[in-house]
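Notes to accompany the following structure.
Only this structure's heavy atoms are used, side chains among them; waters, hydrogens and symmetry mates stay out.
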Amino acid sequence: MKLNRPFKSVLFTGLACSLSVLTFPSLLQAQEAKIIKVKLDQPIAKVQPNMWGVFFEDINFGADGGIYAELIKNRSFEFAKPLMGWTVSRKRPQEGEVLVVNRKEENTTNPRYLQVSKLTDDFELINEGFKGIGVKKGVRYDFSVMYRQLEPGVKMVLLLKDPDQKIIGQGAVTFTGQGKDWQKQTASFVATETNPKAKFSMLFQGKGKVDLDMISLFPGDTWKNRPQGLRADMVQLLADMKPGFIRFPGGCIVEGTDLANRYQWKNTIGPIEDRKLMINRWNTEFSYRSAPDYYQTFGLGFFEYFQLSEDIGADALPILNCGMACQFNTAEVVALDELGPYVQDALDLIEFANGDVNTTWGKKRADLGHPKPFNLKMMGVGNENWGPQYLERLAIFTKAIKAKYPDFKIINSSGTDPEGDRFNLLNTSLRANKADFIDEHYYRPADWFLKNAGRYDNYPRNESKVFVGEYAVHADKNHVGSNRNNWESALAAASLMTGLERNADVVQMASYAPLFAHIDGWQWAPDMIWVDNLNVYGTPDYYVQKLFSTNRGTDVVSITLDDKNITGQDGLYASSVLDKNKKELIIKIANNSNQHKAVDFALDGQTRLKSKGTLEELASSNLDQLNSFDQPKAVSPKLSAVALKGKKLNMDLKPYSFNVIRIPLN
């Protein structure tokens, strides 16, 4: 079912059109206001401090080519095609001048390197970056390379060039020493112009022979100015949301197409050059969005995920493989008597995050520069896995983790769908086993979200808690890519989220998915935040999520229409919380109809309120309205003042609007 479209006066002509405009205000005045009751003195549930979080997965070039700020693609020549992303430009090619050498027996994690034998004419080795290289005028760029000089004499000039071959940044590297030991050399230079589609070139001059590996280029303006760090504008959008948790490193990427391709956290920590690159499972998952150049370098690894979570004040929520590959791909499982290493990985991760510096894995964390524990409280075992084979593996994990860490919380999968035989089996079994959290996922049309705003109203209150770990409204197939993030979808999500908040004693955590997408390299849509090589914008979904997260509150209070939860009556959806820390009443209400709604909020109770408050309003009469690079805030919150009359607040809710009303307590 599609939501009704706004009234369009263009359907009328002449006098009829004029009359419809003239009489509209009088129709509003005649509309009887709906009385919505808010009971201030009767909290019905606690809101967890980490209720609204974010879900990160390296899909849509979200990590490599996205938030991980490395600008060089295939920096260590480990792609299936060793020179993918690289081209050699020379006037008179010389055989053997550039070789890819494999030292597999010597270095299994990073076996390949480049050997350059410079004998005659100058030539360039050019890297195309990830859909080009975004270069910003005035920003410093930091180059590094691992090398060993076999025969001295090679000089290397570093160049950033725009698509017209104009040089917009230049530096140089001087190699020192000679022998078989690898060394690291760095250089920095400042860009003179801005361009989203530049390329990076190394111009070789002189004569000699040199081996090169880990060729890297980072902007100097990374998040917190960390060397080899994260893209600051993308992190800032996350920080602005004030999320309660970050779920990482993803969903299906954890499972892998097969177990060999699964995510293994121990391969993602330590020196960058020792982290073993792996093909990204989204590389060829969708034939219509094939990305043969999509790999995981793990420069953004588990240490960096923990660090990012700490930076923005979010709890870390890692998801680990449970001994099962993606059941839509190979459905490969590890034998139960061989599950030990998988379980040990989970135990070691808790020690890595929380252990004393005298423990094996706590020392590894300290050696990486973080002696203080990360205070990990929870993890997920498996992602979207189902069936009895999942339950028996989960039981082994749970027993081992709880034996050593009895208070540690475990997230349990309920499969891929929020209903059906698979869901029913898992939901029933997990509740019988007193699971800490059951992870529900739903990617459904707007109509499903609207119909399910009361989904949790009748869930058991004192049993297993729900983690809505992945959800997003999916517009129909006529909407493609970033066009799927329209206002209709975001408004429907906001409407369902009022039901999640109202049931905060049942649904204790929730996160929209996926998080990031590169406009030139996406595989999946919709996504909360879209980026290109220079810019980033939040979709209407981003602003919905931000409004919930930054207006979380501490205690749910009753809000009703005709003594019923507000779950779609006349297009309205609502929830209400008190924030005892900020001393505010916060009302969230969505109007999904194509008409203005006159609403009288009757604020019942002894709690005293100030006479003035604020309204943050998301609204558009066009349900297909998008945000974009050109109009990044077309749908974004508009702030205004509201005034109470005693214990009443009279509001006119715009058609197709989501409203957050804050009233300070007196």
Side-chain angles (χ1 to χ4, degrees), residues 47-57 59-60 62-63 66-68 223-224 230-250 300 304-317 467-473 482 485 487 489-491 493-494 496-498 500-501 504 507-517 526-531 535-554 575 577 579 581-582 584 586 588 590 614 616-618 627 632-639 658-660 662:
V47 181
Q48 297 302 310
N50 65 347
M51 179 168 184
W52 304 109
V54 294
F55 162 89
F56 181 88
E57 178 160 9
I59 188 174
N60 307 313
I67 199 171
Y68 181 52
W223 172 254
K224 290 187 175 292
L230 304 182
R231 187 170 148 176
D233 57 349
M234 294 174 69
V235 178
Q236 189 62 57
L237 277 189
L238 298 186
D240 291 345
M241 292 178 68
K242 296 181 170 55
F245 64 87
I246 300 179
R247 177 187 164 187
F248 62 84
L300 172 57
E304 289 79 17
Y305 282 123
F306 279 118
Q307 189 176 53
L308 173 61
S309 300
E310 183 178 71
D311 283 349
I312 65 176
D315 289 341
L317 174 48
F467 169 39
V468 183
E470 297 182 34
Y471 66 95
V473 177
S482 59
N485 285 104
W487 175 229
S489 296
L491 181 58
L496 178 130
M497 290 169 73
T498 63
L500 305 187
E501 182 171 81
V507 182
Q508 293 196 341
M509 296 189 298
S511 51
Y512 180 99
L515 182 56
F516 292 118
D527 305 280
M528 194 196 302
I529 295 168
W530 288 81
V531 307
N535 305 290
V536 57
Y537 74 85
T539 63
D541 286 292
Y542 169 81
Y543 288 107
V544 164
Q545 297 294 322
K546 183 180 178 182
L547 282 174
F548 272 89
S549 187
T550 57
N551 294 283
R552 183 183 62 246
T554 58
S575 59
V577 295
D579 191 321
N581 298 322
K582 296 180 180 178
E584 288 181 326
I586 306 170
K588 303 180 181 77
T614 60
E616 282 191 280
E617 177 189 72
L618 283 174
N627 291 347
K633 294 186 176 181
V635 179
S636 58
K638 304 297 187 290
L639 184 65
F658 176 60
N659 308 270
V660 178
R662 291 194 300 270

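The salt bridge (Lys or Arg N to Asp or Glu O under 4.0 Å) analysis of residues 232-244, with sequence neighbours excluded, yields the pairs Arg231-Asp233.
In this structure, the side chains of Leu230 and Leu300 come closer than 4.5 Å at one or more pairs of heavy atoms. Put simply, the side chain of Leu618 reaches to within 4.5 Å of the side chain of Pro637, judged on heavy atoms. Put simply, the side chain of Leu317 reaches to within 4.5 Å of the side chain of Met509, judged on heavy atoms. A heavy-atom distance below 4.5 Å is found between the side chains of Met241 and Met528. Put simply, the side chain of Leu238 reaches to within 4.5 Å of the side chain of Phe516, judged on heavy atoms. Using a 4.5 Å cut-off on side-chain heavy atoms (C-beta onward), Trp52 and Leu547 make no contact.
In terms of the side-chain contact (heavy atoms from CB on, under 4.5 Å) criterion, residue partners of Ala504 (sequence neighbours excluded) are, by chain and number, Val47, Met51, Val556. Residues passing the ring pair (Phe, Tyr, Trp, His ring centres under 6.0 Å) test with Phe56 are Tyr305, sequence neighbours excluded. Residues forming a salt bridge (charged side-chain N to carboxylate O under 4.0 Å, His left out) with Asp315 (at least two apart in sequence, or on another chain): Lys377. Shown here are the side-chain contact (heavy atoms from CB on, under 4.5 Å) partners of Gln508, two or more places apart in sequence or in another chain: Gln48, Phe437, Lys465. Legend: residues meeting ring pair (Phe, Tyr, Trp, His ring centres under 6.0 Å) with Phe306, ordered by chain and number and at least two apart, are Phe248, Phe374.
Rounded to the nearest 0.5 angstrom, Phe55 CZ and Glu470 CD are separated by 4.0 Å. We find the CG-OG distance between Asn551 and Ser575 to be 10.5 Å, quoted to the nearest 0.5 Å. Going from atom CE of Met234 over to atom CH2 of Trp223 covers 13.0 Å, rounded to the nearest 0.5 Å. Remark: Asn485 CG to Asn627 CG distance equals 9.0 Å, nearest 0.5 Å.
Closest heavy-atom contact between Tyr542 and Leu237: OH-O, 2.8 Å. Across every non-hydrogen atom of Ala517 and Asp527, the tightest pair is CB-OD2, 3.4 Å. The two residues Phe245 and Ala510 come nearest to each other via the heavy atoms CZ-O, 3.4 Å. In terms of heavy atoms, Asp579 sits closest to Asn581 at OD1-N, 3.0 Å. When every heavy atom of Asn50 is checked against every heavy atom of Gly244, the shortest pair comes out as CB-O, 3.3 Å.
Ring geometry for Tyr471 versus Tyr512: interplanar angle over 60°, hence perpendicular rather than tilted (30 to 60°).
Considering Val54, Asp541, Leu515 in turn, Leu515 is the only one that fulfils the side-chain contact (heavy atoms from CB on, under 4.5 Å) rule with Ile529.
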